[in-house]
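Single-structure report; data block below.
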Amino acid sequence: MSKSALLKTCFDVLHYSGASTVLGPYFRGQGAIFCLHHVRPGGGHQTGFAPNANLEITPEFLDDMLSALKRWGYQFLSLTEACHRMQAAKPSSTPFAVFTLDDGYLDNLVHAMPVFKRHKCPFTVFAAPRIVEGTCELWWVGLEHVIAGSGNELALELGGEALRLPTATDAEKWATWKRLFPLVHAMPEYEQRDWIRALCERHGIDLNALCRAAAMNWQQLREMSREPLASIGAHTLNHYAVIKLSEDDARREIIESGARLAAELETPIEHFAYPYGNVAHAGPRDFEICKEAGYLSGVTTRHGVVFAEHASHLEALPRVMVSGKYQKVRYLEALVSGLPATLANGFRKVNVS
Ligand SMILES: [Zn+2]
């Protein structure tokens, strides 16, 4: 059984046994901060070679999520309101749901915003200025395009090694992706960007065009930020995994991204999201910088729901990732129960080390 099939089975057992409902209030904490990326028609349901489909959900599923959370008694809060709720002396018995979307994709404006408005649900979009400018290397998208378009075989050099990887069938494309993705993800940031630029150039793929097609430009981001339910947060200047940068570079990425957005959008930027966001991408040094920079919160992708204890760790909040592979309300029910997070975190409520 594959890992995702196993996870789905776990979710189903939780749902059909009623365990998530019975145990929910104990493990679910004060609420959940959801992390989305793309929201667009057909999102996540692609067949064949679509290795980034996990970053997409459909507008219909977003609508189902919001309806279900309302039915289960969740209150929709902005990230700022949720931080204040965590800091309040007296905890609320009503659980909250916060929606965040990373990277600033155009589909957030076109397809997600109307759904949020219909449900009067606040949301935060984390934007990186170089993505907004359309010049950032969305290397995972570039890599997908190179593999998808490379015929029978992909020849490349990686870490000083010449590789010839088969790409004739979807299965071969997937295998090649699974081999390359973790290696490219782990490269030092500047080297990674040079590597993907060179690879894409050799294969006639315009990385900037991919970025411009995917992202909101400044005008579109301004349009979104004028919507009262929307708030814009910072996501570094260049979408770098800050843990891999020198302290000076990490500081510049974290601080200047917020300053640039504030100047462009003429609004204070209160929140920050660490790109990629897991333990391999952001750590205690970066959390400290985020706090010193004056952001009210920093959100990670460390998996978890929010407990009262997080009030003293607002610079390293956990989130619940919504994957295109799990677009069923029963999976959502298991996620918000806090049980998968509790198990994943070894029964620790707070994980900031
Ligand atoms: Zn991101």
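Read the numbers this way: they start at 1 and go in the same order the structure lists the ligands and their atoms. Bear in mind that the values here come from a model prediction, so they are computed numbers and not experimental data.
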Taking the ring of Y74 and the ring of F76, is the distance between their centroids below 6.0 Å? no

Would you call R197-E137 a salt bridge at under 4.0 Å N-O? yes

Give every protein N, O or S atom lying under 2.8 Å from the Zn ion (ligand 1), naming each by residue and atom. D103 OD1, H235 NE2, H239 NE2

Can you give me every donor-acceptor pair (side chain of residues 233-242, partner residue at least two apart or in another chain, under 3.5 Å) with its distance?
unit_1: H235; atom_1: ND1; unit_2: A273; atom_2: O; d: 2.8
unit_1: H235; atom_1: NE2; unit_2: D103; atom_2: OD1; d: 2.9
unit_1: H235; atom_1: NE2; unit_2: H239; atom_2: NE2; d: 3.2
unit_1: T236; atom_1: OG1; unit_2: H239; atom_2: N; d: 2.8
unit_1: T236; atom_1: OG1; unit_2: Y240; atom_2: N; d: 3.3
unit_1: N238; atom_1: OD1; unit_2: R130; atom_2: NH1; d: 2.6
unit_1: N238; atom_1: ND2; unit_2: E253; atom_2: OE2; d: 2.7
unit_1: H239; atom_1: ND1; unit_2: Y276; atom_2: OH; d: 3.4
unit_1: H239; atom_1: NE2; unit_2: D103; atom_2: OD1; d: 3.0

Identify, with sequence neighbours excluded, every residue that meets salt bridge (charged side-chain N to carboxylate O under 4.0 Å, His left out) alongside D102. R319

Tell me if the NE2 atom of H45 is crowded by more than 12 foreign heavy atoms within 6.0 Å. yes

Atom pairs and distances, side-chain donor-acceptor, residues 113-120, under 3.5 Å, sequence neighbours left out:
unit_1: R118; atom_1: NH2; unit_2: D63; atom_2: OD1; d: 2.9
unit_1: H119; atom_1: ND1; unit_2: K70; atom_2: NZ; d: 2.9
unit_1: H119; atom_1: NE2; unit_2: D63; atom_2: OD1; d: 3.1

